Amino acid sequence: MTGDYVLPRKATPEDPLRLAVLISGGGSGLLALLRYQSEGARNHVTSLVISDSESAGGLRHASDSCVENLSIPLLDGLTGAERRLEHEGRVMKALTSYDIEMVVLSGYMRVLTPSFVKEWKGRIVNIHPSLLPEFPGAHAQRDAIEAGVEESGCTVHFVDEGVDTGTIIEQRKVPVLPGDTVETLTERIKLEEHVLYPRVLDEISSGRVSV
Ligand code: GRF
């Protein structure tokens, strides 16, 4: 194991790893994970869903599955760094009070501060819609189309202090087809994401991933 990554414990279906899934939008990835967890005995369970937006459609998926969910928006009236830290403080408090063991970013549109990452390093993962290190950032599908690549995909990686730079765990590829738009490529990638993320969480919670 390199650096300061601390991996989660090896869990069992009888005592599954308690995940918090952080979202900002529609939550199709969250829905796929909840379905996967409900279909069989897994070593992980979604114990909490947090959104930074009250209107995130994904909160509905949590409620429909009777999973605890909170919307924790940023406060008005604070500025810059202060606002970020205050917000993360409330997220951290929620993670502690629900005994969360691992954080799963699933379309969470905020970049976490180094101090937050340090607390969770090795126990926080993200999914990104490109074959990292190609096309990091918020416009991965657009950037792939503009670059004219014939192949893209998705990456699950540990989160570190950078943006989409942490250790890569697993990837899946999709073709980029002539005439693809951001929307068509996004949908093709999501189909792969919805298979990949739950499987990677199986691997991590079973102690089969090292970093
Ligand atoms: C996914 O494409 C993921 O790769 C990216 O954000 C998107 C989330 O989509 N980080 P959804 O909210 O799960 O539908």
Side-chain angles (χ1 to χ4, degrees), residues 19-39 44 46-65 67 69-73 91 102-112 116-117 120 123-147 149 151-177 180-201 203-204:
L19 309 180
V21 181
L22 272 54
I23 61 167
S24 296
S28 66
L30 167 67
L31 180 61
L33 177 62
L34 292 171
R35 285 198 177 133
Y36 182 77
Q37 288 170 331
S38 71
E39 279 165 8
H44 47 88
T46 301
S47 301
L48 178 64
V49 171
I50 297 177
S51 167
D52 62 341
S53 150
E54 281 169 12
S55 58
L59 287 170
R60 176 81 190 277
H61 300 316
S63 303
D64 288 349
S65 297
V67 171
N69 58 93
L70 302 170
S71 95
I72 306 185
V91 171
M102 181 157 181
V103 176
V104 175
L105 305 182
S106 188
Y108 190 63
M109 297 311 285
R110 302 196 53 73
V111 175
L112 297 160
F116 186 98
V117 170
W120 290 94
R123 297 176 299 130
I124 177 167
V125 287
N126 181 43
I127 189 156
H128 181 79
S130 78
L131 298 174
L132 290 172
E134 293 294 307
F135 312 120
H139 303 287
Q141 300 92 330
R142 182 200 67 190
D143 295 347
I145 290 170
E146 284 180 4
V149 294
E151 198 169 59
S152 189
C154 52
T155 302
V156 178
H157 64 95
F158 286 111
V159 174
D160 71 1
E161 292 77 2
V163 176
D164 303 323
T165 51
T167 301
I168 291 171
I169 305 170
E170 237 179 284
Q171 300 182 307
R172 279 172 86 105
K173 294 177 179 169
V174 304
V176 181
L177 300 175
D180 256 341
T181 61
V182 169
E183 289 70 29
T184 57
L185 181 57
T186 296
E187 285 316 306
R188 194 174 309 120
I189 291 173
K190 278 191 180 186
L191 291 176
E192 299 301 322
E193 292 185 346
H194 297 170
V195 176
L196 179 65
Y197 219 178
R199 298 275 161 78
V200 169
L201 293 168
E203 296 293 302
I204 295 173

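We count ligands from 1, going down the list as the structure has it; atoms in each ligand are counted the same way. Index from 1, following the sequence. Quick caveat: nothing in here was measured; it's all calculated off a predicted structure.
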### Task
Please round to the nearest 0.5 Å and tell me the distance separating atom CZ of Arg199 and atom CD1 of Ile204.
14.5 Å

### Message
For a quick check: using heavy atoms under 4.0 Å, what are the residues in contact with ligand 1, sorted by chain and number?
### Response
Gly26, Gly27, Ser28, Gly29, Gly107, Ile127, His128, Pro129, Lys190, Glu193

### Query
Any luck finding a side-chain donor-acceptor pair between Thr167 and His157 under 3.5 Å?
no

### Query
What is the distance from atom CD1 of Ile189 to atom CZ of Arg172, rounded to the nearest 0.5 Å?
13.0 Å

#### Entry: Min side-chain heavy-atom separation Asp164-Phe135 under 4.5 Å
no

### Message
Would you say that Ile50 contacts Asn69 through its side chain, given a criterion of any heavy-atom pair below 4.5 Å between the two side chains?
### Response
no

### Message
Taking ring pair (Phe, Tyr, Trp, His ring centres under 6.0 Å) as the definition, give me every residue that meets it alongside Phe158, ordered by chain and number, with sequence neighbours left out.
### Response
Tyr5

